Amino acid sequence: MRDIEISFSVTEKQGSKALADKCSKACGISADKIAHIEVLRRSIDARGGKIAFKYKVQVYLKSEKPMQPYKLPPYLDCSKGEKVIVVGAGPAGLFAALTLLQRGKCPIVLERGKDVHARKYDIARLMLNQLVDPDSNYCFGEGGAGCFSDGKLFTRSTKKGDIREVLHQLVMFGAEPTILIDAHPHIGSNKLPEIMERIRNCIISHGGEVHFNTRVVDLIPPKADALWHARCLERVEGGGLTETEYQSKKLILASGHSAKDIYQLFYDKGWALEAKGFALGVRAEHPQQLINDIQYHGKWQKNLPAAEYSLVSQIDGKGVFSFCMCPGGILLPSSTAAGEVVLNGMSNSMRNSPWANAGIVTSIDPDEIDEFAEWGPLKLLKFQEKIEQGIFAHNGGSLKAPAQRMTDFCKDKLSADLPATSYKIGAYSAKLSEVLPETVFQRLKRSFFFFDKKMRGFYTSQALLLAVESRTSSPVRIPRHPETLQHVSLNNLYPCGEGAGYSGGIVSSALDGINVARKI
């Protein structure tokens, strides 16, 4: 067995035979001696002006036994197993539930939002009428925020666990097998709903439960009965509410980074919370063709994917970086309550819109914010709310986004006109310095010149900046013990995922859910 790297030019035909020919030549053996080729990784290299498809592969001869394929543990019938409440049906909650199934324990998933198909109707109303359903939107509902945010699956974190556990399960539920080998795998927001539905059906068919329209409003710690009590308001047919309660010895809290009411619940009860740094800034939208020309040195062809970018700089000791880059994507309203403006991006699997967008954000640390000091661990949450609500009020109460050409932003000059945008609700010309904190405005302004040195042409009047990108991660952490993963003062309560402040993105959140379920 040999590990080798091979490459194809843009014009070379790829496929199993071409791959075998390349491998035989690289190994100096005839193709008929090769028994098996395992592709480990596939990427695109556009450095130095030359574009190549790079493959990392393992080549096995006929005299060798190939490595055994990765196998997932089976899901077990859990109808008689110990019940475990899982609050939240995002990646952390769902993968925690699947892991519980593999151990024969019964997940009871409580999701404040709707199933992924019903959720689409609320999203449509949000886009058409600017009506925000506080329980069913781009952040809340089956699949969580990542379900309608491209489904990007790459993570820089390798400490949380084996990402194959996540990727292989997604493939089993319908994702393309290419996510197992692509350097920057993604699924696409058009394909994720069916995958989420299959995960839900798997949980239910093995004896678990999934309850939608069920918002947890109180958590009662164990007393004599040794049970956690999750009190909920459940939406019933016709729009009314009914009170329900679920009980279990152990409870997984995977409520997501926008579940402000959960943080407030902890705060009101005096349970341990911590203020946590997050990042805030704008969404930058370029023509996708411009990004293609920059990244592919003007040599983009139809068989190449829409180009991506990842940028980072240090301004005054604070990070400024690109976040959630969506090639061939569109901009979305990610508000979770009336009276606030929040933007995010998404791409479908083809990534074929005319625009590329990304958050350009800067780190905000707890020691920078004194304005809401009286709120203690919630001070950054209150700061975040002030920015989002201030932008809503800036245009007289609207989900339209204040926007500025990048060159005008850096000159602090009102744009006379705006380029076309994918943000369907609409944008209006504004000086973003009026709606962003001064420190954020100054750091972003300086970063664009730095980024242009890395990507010549990135700084351009064709780029549109829209405010605000503020839901990069949770501004609150729910502290837990590093070994048991239980809350530091609440036994058998397991905070996890983005909402607890321990992950960022689909894969790291899923791994965190897996780890918590394993501890249980």
Side-chain angles (χ1 to χ4, degrees), residues 72-116 140-144 146-147 161 165-166 168-170 172-173 195-216 219-220 222 226-232 234 244-256 259 262 478 480 484-487 490-500 502-503 506 509-520:
L72 290 165
Y75 304 118
L76 306 177
D77 184 287
C78 69
S79 54
K80 296 181 180 180
E82 177 191 356
K83 293 184 177 182
V84 179
I85 293 172
V86 181
V87 180
L94 289 177
F95 277 84
L98 291 173
T99 305
L100 292 171
L101 287 184
Q102 292 169 345
R103 271 70 177 173
K105 295 189 182 292
C106 181
I108 310 298
V109 181
L110 308 180
E111 169 54 51
R112 68 190 298 159
K114 299 180 182 179
D115 71 78
V116 75
F140 295 144
E142 185 176 23
C147 190
E165 292 187 75
V166 178
H168 278 264
Q169 289 188 85
L170 287 171
M172 184 174 66
F173 289 115
I195 294 170
M196 295 302 104
E197 185 176 27
R198 292 187 185 113
I199 291 176
R200 179 219 315 162
N201 290 338
C202 175
I203 293 169
I204 294 171
S205 67
H206 287 84
E209 299 176 20
V210 181
H211 300 273
F212 296 113
N213 296 306
T214 303
R215 177 162 53 90
V216 173
L219 295 171
I220 311 299
L227 296 174
W228 274 96
H229 295 246
R231 293 179 179 171
C232 307
E234 188 169 341
T244 55
E245 183 173 290
Y246 298 87
Q247 303 170 6
S248 67
K249 287 185 177 180
K250 296 180 170 72
L251 185 147
I252 294 174
L253 187 62
S255 48
I262 293 294
I478 305 177
R480 68 189 186 190
T484 68
L485 303 187
Q486 296 177 56
H487 185 270
L490 298 167
N491 290 334
N492 293 324
L493 185 141
Y494 296 80
C496 73
E498 285 199 28
Y502 292 99
S503 63
I506 293 173
S509 295
L511 287 171
D512 203 49
I514 288 170
N515 291 337
V516 160
R518 280 188 175 152
K519 287 293 182 181
I520 290 176

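Worth saying up front: this structure is predicted, and the values here are computed from it rather than measured.
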**Item:** The single option from Gln247, Glu245, Arg231 passing side-chain contact (heavy atoms from CB on, under 4.5 Å) against Ile220
**Value:** Arg231

**Request:** Would you check if Gln486 and Lys519 make a side-chain contact, meaning some heavy-atom pair closer than 4.5 Å?
**Result:** no

**Complete:** So SG of Cys202 and OH of Tyr75: to nearest 0.5 Å the spacing works out to 5.5 Å

**Message:** Please report the interatomic distance CH2(Trp228) to CD1(Ile85), rounded to the nearest 0.5 Å.
**Reply:** 10.0 Å

**Message:** For Cys232 versus Leu110, what's the shortest heavy-atom pair and its separation?
**Reply:** SG-CD1, 3.9 Å

**Request:** Write down the atom of Lys105, the atom of Pro107, and the distance for their closest heavy-atom approach.
**Result:** O-CD, 3.2 Å

**Prompt:** Distance-only, no hydrogens or angles: does the Glu498 side chain make a donor-acceptor pair with backbone N or O of Gly256 under 3.5 Å?
**Reply:** no

**Under 3.5 Å: donor-acceptor pair, side chain of Tyr494, backbone of Val86** = no

**Prompt:** Within a strict 4.5 Å, meaning less than it, do heavy atoms of the Val166 and Ile514 side chains meet?
**Reply:** yes

**Prompt:** Nearest 0.5 Å, what's the CZ-CE distance between Phe173 and Met196?
**Reply:** 9.0 Å

**Message:** Restricting to non-hydrogen atoms, name the atom on Gly497 and the atom on Ser503 that form the minimum distance, rounded to 0.1 Å.
**Reply:** C-OG, 3.0 Å

**Leu227 and His229, any side-chain heavy atoms less than 4.5 Å apart** = yes

**Message:** If you define the side chain from C-beta out and look only at heavy atoms, does anything of Cys147 sit under 4.5 Å from Val116?
**Reply:** yes

**Ile108 and Cys106, any side-chain heavy atoms less than 4.5 Å apart** = yes

**Fill in**
Given the options Lys114, Arg112, Arg200, Glu142 meets salt bridge (charged side-chain N to carboxylate O under 4.0 Å, His left out) only with Arg200

**Message:** I'd like to know if the side chain of Thr214 reaches the main chain of Phe212, judged simply by a donor and an acceptor atom lying under 3.5 Å from each other, with no hydrogens or angles considered.
**Reply:** yes

**Ile520 CD1 to Thr484 OG1 distance, which is reported to the nearest 0.5 Å** = 10.5 Å

**Prompt:** With the threshold set at 4.0 Å, does a side-chain nitrogen-carboxylate oxygen contact exist between Arg518 and Glu165?
**Reply:** yes

**Request:** For residues Leu493 and Leu219, determine if any side-chain heavy atom of one lies less than 4.5 Å from a side-chain heavy atom of the other.
**Result:** yes

**Item:** Step-by-step side chain to side chain contact (heavy atoms under 4.5 Å, CB included) determination, Leu485 to Cys496
**Value:** CA-CA 8 Å; Leu485 303 187; Cys496 73; over 6 Å; no

**Message:** Rounded to the nearest 0.5 Å, what separates atom CG in Asn491 from atom NZ in Lys250?
**Reply:** 10.0 Å

**Request:** Decide yes or no for Phe95 and Leu170: does some side-chain heavy atom of the first lie under 4.5 Å from some side-chain heavy atom of the second?
**Result:** yes

**Closest approach of Val516 to Pro495 (non-hydrogen atoms, all atoms of both residues)** = CG2-O, 4.2 Å

**Fill in**
Taken to the nearest 0.5 Å, the spacing of His211 NE2 from Glu234 CD works out to 7.5 Å

**Item:** Verdict with supporting geometry, Tyr502 and Arg480, side chain to side chain contact (heavy atoms under 4.5 Å, CB included)
**Value:** CA-CA 10 Å; Tyr502 292 99; Arg480 68 189 186 190; 3.6 Å; yes

**Asked** Taking all atoms of both residues into account, what is the closest heavy-atom pair of Ser79 and Asp77, and its distance?
**Response** OG-OD1, 2.6 Å

**Asked** Does a side-chain heavy-atom distance below 4.5 Å link Leu98 with Ile203?
**Response** yes

**Asked** What pair of heavy atoms forms the shortest contact from Gly208 to Cys78, and how long is it?
**Response** N-SG, 3.5 Å

